[in-house]
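Here is the naming used below: chain letters follow the sequence lines, and residue numbers restart at 1 for every chain.
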Amino acid sequence: AIAMSTSAASARDEIRIVGSSTVFPFSTTVAERFGKETDFPTPVIESTGTGGGLKLFCAGIGEEHPDITNASARIKQSQVDDCASNGIKDIVEVKIGYDGIVIANSRESDLLEVTLQDVWLALAKDVPTGTDGETQPNPYMMWSDIRPELPAKKIEVLGPPPTSGTRAAFAEIAMEGGCKTFDWIKDLKSSDGGAYKSLCRTIREDGAYVEAGENDNLIVQKLQASPDAFGVFGFSFLDQNSDALQGALVGGVAPEFEQIASGDYPVSRSLFFYVKKDHVGVIPGIEEYLAAFANDDAWGDEGYLTDKGLIPMGAEERSAVAKTVADLAPLSM
Amino acid sequence: MTNPFSTEAAGLQGRHNAETIFKLSGLTAIVCAIGFLVFMVGSIAWTGSGALRESHVQLSIDLGPEKVDPSNVEAASYQTIVRDALKERFPEVTNRRDRRKLYGLLSPDAALELEQYVLDNPSVVGGVADIWLLASDDLDIYLKGDVKTELDESRRKFSDLEIGLADSLVQEGQTRRQFNTRFFTNGDSREPELAGILSSLIGSFFSLLVCFVISFPMGVCAAIYLEEFAKKNRVSEFIEVNINNLAAVPSIVFGLLGLAIFLNFFGLPRSSPLVGGMVLALMTLPTIIIASRAALRAVPPSIREAALGIGASKIQTTFHHVAPLALPGMLTGAIVGMARALGETAPLLMIGMVAFIADVPKGILDSATALPVQIFLWADAPQRAFEEKTSAAIIVLLLFLVLMNLLAVLLRRKFERRF
Amino acid sequence: MSDFQSKFAVGVNPFARQSKGFGNAAIMFVLIACSCVAILVTVGIVMSLIFETIRFFEQVPILDFLFGTHWSPQTALTADVVGSSGAFGAVPLITGTLLISFIAMCIATPLGLASAVYLAEFAGPKVRSFAKPLLEMLAGIPSVVYGFFAALTIAPFIRNSGSAAGFDISSESALAAGIAMGIMVVPLVSSLSDDVINSVPQSLRDASLGLGATHAETVRKVVLPAAVPGIAGSLLLATSSAIGETMIVVMAAGLAANLTLNPFEAVTTVTVQIVTLLTGDQEFDSAKTLSAFALGLFLFVITLALNVIALKIVNHFKEQYD
Amino acid sequence: MLNNSVESEKKMAEVETALNSDGPIIQAKDVSVFYGEKQALFDVNLDFEKNQVTSLIGPSGCGKSTFLRCINRMNDLVDIARVKGEIIIANQDIYAKDVDVVALRAHVGMVFQKPNPFPKSIYDNVAYGPRIHKTVSTKDEMDYVVERSLKRAGLWDEVSDRLDQPGNGLSGGQQQRLCIARAIAIEPQVVLMDEPCSALDPIATAVVEELIDELRERFTIIIVTHSMQQAARVSQKTAFFHLGNLVEHGDTDQIFTNPQDDRTENYITGRIG
Amino acid sequence: MLNNSVESEKKMAEVETALNSDGPIIQAKDVSVFYGEKQALFDVNLDFEKNQVTSLIGPSGCGKSTFLRCINRMNDLVDIARVKGEIIIANQDIYAKDVDVVALRAHVGMVFQKPNPFPKSIYDNVAYGPRIHKTVSTKDEMDYVVERSLKRAGLWDEVSDRLDQPGNGLSGGQQQRLCIARAIAIEPQVVLMDEPCSALDPIATAVVEELIDELRERFTIIIVTHSMQQAARVSQKTAFFHLGNLVEHGDTDQIFTNPQDDRTENYITGRIG
Ligand SMILES: Nc1ncnc2c1ncn2[C@@H]1O[C@H](COP(=O)(O)OP(=O)(O)OP(=O)(O)O)[C@@H](O)[C@H]1O
Ligand SMILES: Nc1ncnc2c1ncn2[C@@H]1O[C@H](COP(=O)(O)OP(=O)(O)OP(=O)(O)O)[C@@H](O)[C@H]1O
Ligand SMILES: [Mg+2]
Ligand SMILES: [Mg+2]
């Protein structure tokens, strides 16, 4: 049952999309083409961060609420519940491809080569003292404090805030990945999951990690200006700024298109968007927009989204997702 | 006999030098401030001038029957046709990575452009035609000479391969530069070469329209009441203090007001010029009231006396004589206020006018951005080509501001009365 | 004139008030209502800020907000992402705001005052008619333009000259934003000070010149000291507008809440945080969003106080010489 | 010729009857005026006769204008002004509570020191009064009223061919006559004039003075003047004010040839003021 | 007591010698002043004697102030003012090209119509002149100069206990005496006074008049006044201006008792002006 609000003068006729800043360039590109190639108006897209987007998305059904939210991390059960409590039962999940998370700095500076463990040690709030089971507040101020081979530079990493999907993925994949290289911590996982999680995923707050807002563009600009700083953001942004920035090698692998697509690069995550099924058929053009997205012209190996830095899924995965989209099969967790 | 009052005789040279230095420092300050203005506007204009030209690439495109079905021209995949044409022009580019670079020489809109061209000129179907297509922003920048080719390849976005391709096109005369009308007729786009200011300009127009329609009558009425009718008492004094203070409230606070009241409380549409205009109206109101009161005060009392002396009531006196005479002054104040509102950005960010909006808004309820917000968005965009777009948009904004202020000055000159 | 001859009725008031009709009452109502809009807006601002602020202080103790030295307004994406603790100490924002405003005033005060003195005391009518509008133009340029210029030209320039001199200067240094903002408020300072200097009575200048002081000595030792209260008022007004300025700092200052007074480091300001908090996540009840309203209220109160004081000073000053 | 509602016609007629009855047309009784703390007029008692010109003279600041402006309550406009005493016109104290100043001023017109035509056409200037008082309803009637008023003000011949041109375009003397035409277009009973010639050159002054003499036939005129010669020329009665007091009042001849009070004599001989 | 460089002392001495020599201290030769197109003074020739008080009298607008302000070139401040002719002080035409007005004004002080103390302390008001001219170098000397000046201006007893209080806090008469003290603190040869008492009450006026008489011992004083009584009381010489012309000039007694010119007589008897 759809209870469309009649507060505004007329029903909205353009699709409204909110959500992740990482997906923003992809969805705007699709939207723009969609607006040009069809008679539907160009969807209006606001970059609010994955978390903010889901909050808006899950606020309710009706034209004052967005139809689609972009996400750079998969929706969590708690969010699904939140949606459900506001009457949004049917959500269609669309996975659109992959994005690597890169640690980049200005080309003015030297290329960094790190392991996931280095990354975790550099950015975790608490780190092991050396004795198993003991931790101390992160003492490392210079990269070279961690390992002498690393540059003797102040640790300064500009990264996304916790509301961002990039941050969630970064904590989950990179941080946790580096963390569990310590055996005793790995064992902690099974014994005390909560402690494990908070040890591995908590990022230091003493200034070495600078939360730089949802706007990855800003981070890029800041890196260009301060050569010693590193930034954490999606591969697509690195791709767009390859003239100014370089991505650090993680575990010896460079963050490049092929390496990420093949899974060699260790820090990559899936990108999604979520559609409010109740709005399909009410707000014109949603189905057509989905079709435009789930199309090899867009997300395919040579699709125009790859120009924007999207790393495509394999052909089978694509056709599976495309089928979900065509059927508008709701998400079930 | 020497002159006892001469500078030398009185030993005053030092004091006169001090005076000269003092004067010079004042002059220096003015020169500094104005110099900054000139430098800022000049450098922005210089950067922005680049946005007025766009590059095109000429390709011979095969529109044969196997590519375009003459009976169903629209069904053809123009994307593929364009790419084939590129492959044909540069058969030496084979590997997938390089192909992407090759395709990247043209704007993503090239296929659409081609389709439009074919639809407009059906005669070309069936043969091979030389057609000019829009270049991508990267190629455009290169053609404008803004790529530092002396840098190491890894340090620039435009690779040696692309430079080679571009140079070959240039040698064959297959590139050209022309005036960029798109900048004035397109809405926002992710592609710098396609991005234009029209939608934001119209958004600004609608916002200002709403702003004017609300704030002018209101401001004028308030000014008339305060100047002509209000007795000097606590209430009128309180209103006056209020107005003066509102004039200095930071604009972002008005944005918060709009967010909390118009959006969250009244549920008006997000990102709409209606809400934007209302917020701007509240901001402009004090300016208009203050200017209108000054205009009313400039109407000589003799006019009021004349009307009252004949037995006109106070309302008649005000609306028949005083207000019409003050109208040009009020309008001038309103235009100055509108000019300020036109440049205002911060409050609009608060009410969602920062979304990606490509379409030109058709009314005050449609989603829209405003010109300064567009500037803010572009300033943040990663592509280098947006830098000149941003600058050009700034110049357009400044032009409108200058025009509005000129209008105000002219209005003032024309109706300036010495009573 | 009428040819009527009718009986004169004693006791009837020939000038009796006729009913003015509904029209006049309606007009007056509209006029009064419009004047009250100013009050309504103020009330609206206060209301919209206060309610959210109260809700904010239900979640975050007011003392933590006012005196906390750590600002990190993050609430995690979902409960299972371990976020930072979310600290709402406004001190770094306030010091950041003050630092940038201070730099701005360091630029604007000498430039603005010196221009005002020159224009008011020394410039001929020609220079005046040419320089004044140009100076005013500086105030007419939208702040988003200053922000763009500060981020694109001033900041790299400062950074480069810093690194040439061996300093490490952040690209969002408070200095870059401060300079742009300073230039923007120059005309505010200069036109207000110009007014103030012009209202110093000529008789004081005559007295000084009559004693054989040079014009510069007169200005320095008599006119400026006499104008000090008025100038202070105008500087306060300019400071208030610098504190409330948004776009320049959003574009050219940092987001990181560093508690520092070093102009070469990046600081963030109250207005930057409001924009960042509200253009990202838009849920309407988290402490993060609500804190924007608390900051807004803070900003409103501070600027209001500055304005009221400044206007009092300036008016008092003007009355003194009327 | 008028086209009002019957009721308002009756009112009009009443006033006129009252005004046309014998006896003084205006009686000021113990009029005192205060500007804030400062008293500008002290218990002035003065009657004005119908169809006569009365001059108010006295040194600067003595309260002539203040008194004149009491008669059509123009002092109401000055916030700090307070009037005590009574001024009776048509048996009605005009300071009584239920008096409508607008109605009052329709019967007591005023001409000011500086000509102050509206920045409108000459026609509209004259037509303004009749229009707002709705004493005239058709265009023809209005044309007639405008023409008659301009003729009475002796301006018709000079402006009949450019009625649609702005009133400010006229010369000073013409402007002042236009203001007089505007004032008499609504057929007031009384016309107040505050130094109507002080901004005019001697020739224009002479024309206006002549006009005043003619207007006396239809209107009662009270004129403030600084020039004793002018007072002597145009008025039948003269009142002399000094420091807020009405010192002397009587036939103009008598006042100028045989003043009763020393102050009057000193003033007339130029020793004070 | 002065502490200047030897050179400037010598210069000072020169001026003083020149000023101390016999003959007129100031000679105005054919002085005409124009304000834009308008001529405000016509070929005035006038000499001033040392240690005498000269009054300039005449009706309003006759050019008294204009002439007075020519003597220390205060008219330079008026953009449209133009001066023709010569004014010779210490053998030097002060309108010559190489004359420095700053140096001139150190020798020709001025006191204005409205008391205009600086918004500073009483002490700083008096010390202002010596400070800018650096005629005094130590705090002690300055104290001495301030005290002496205030004593000469007859103000010392009234203010000696509150030298650090603002000058505007004094009464009008005290303020004017403070201005005089300020003017004489730099030991000028000539003091110009433009209606110095017109803003004061009679008692304060009397005090200032007495002061002027005392100051004559050390300074040459030129005073503009509207009050003939004042001129008679304080001055030895009087010059009468009319419509920009110097009509008559001579001993005060003679001018008031036996004026040579009709215009002077008319003015003195109150018939013009
Ligand atoms: N609006 C006012 N507020 C305060 N005082 C006023 C006002 N108008 C007039 N006065 C004072 O009232 C006194 C009488 O003024 P009024 O204008 O009646 O004099 P007047 O005889 O018309 O003089 P004049 O010949 O100069 O026009 C004067 O002392 C004047 O200062
Ligand atoms: N700054 C000026 N600009 C133009 N005209 C001036 C200026 N100052 C004085 N005048 C004119 O010069 C003439 C002489 O003025 P001045 O002030 O010397 O007269 P005064 O004798 O001092 O009169 P008062 O007794 O009123 O002070 C007057 O006609 C005056 O209008
Ligand atoms: Mg008067
Ligand atoms: Mg004078």
Within 6.0 angstrom of [X] [atom1], more than 12 heavy atoms from elsewhere:
X: B:D160; atom1: CG; value: yes
X: B:F205; atom1: CZ; value: no
X: B:F265; atom1: CZ; value: no

In Å, rounded to the nearest 0.5 Å, how long is the span from OG of A:S27 to CZ of B:F356?
9.0 Å
From CG (B:D359) to CD (A:E14), nearest 0.5 Å
8.0 Å
Which pair of heavy atoms, one from A:V44 and one from B:A355, lies closest together, and at what distance?
CG1-CB, 3.5 Å
Locate the shortest heavy-atom distance separating A:R33 from B:P108; write the atom from each residue and the value.
NH2-CB, 2.8 Å
So which part of [X] gets closer than 4.5 Å to some heavy atom of chain A, the side chain, the backbone, both or neither?
X: B:R99; answer: neither
X: B:E115; answer: neither
X: B:L268; answer: neither
X: B:Y103; answer: side chain

So which of B:G104, B:S159, B:S271 has the biggest tally of heavy-atom pairs under 4.5 Å with chain A?
B:S271
Option that, when pairs with chain A are counted at under 4.5 Å, heavy atom only, ranks first among B:S189, B:A358, B:S77
B:S189
Residues A:T28, B:R190; criterion side-chain hydrogen bond (donor to acceptor under 3.5 Å, both in side chains); working and verdict:
CA-CA 7 Å; A:T28 46; B:R190 296 296 302 172; 3.1 Å; yes
Please examine the side chains of B:S367 and A:R16, heavy atoms only from C-beta on, and report whether any two atoms are closer than 4.5 Å.
yes
Which answer fits A:Q246, side chain, backbone, both or neither, if we ask what part of it has an atom under 4.5 Å from a heavy atom of chain B?
neither
Side chain / backbone / both / neither for A:P43 at chain B, heavy atoms under 4.5 Å:
backbone
Do the side chains of A:E64 and B:R270 get close enough for a salt bridge, i.e. N-O under 4.0 angstrom?
no
Should the pair B:D109-A:K36 be classified as a salt bridge under the 4.0 Å nitrogen-to-oxygen rule?
yes
Among A:D297, A:I17, A:T306, which residue forms the greatest number of heavy-atom pairs with chain B at distances under 4.5 Å?
A:T306
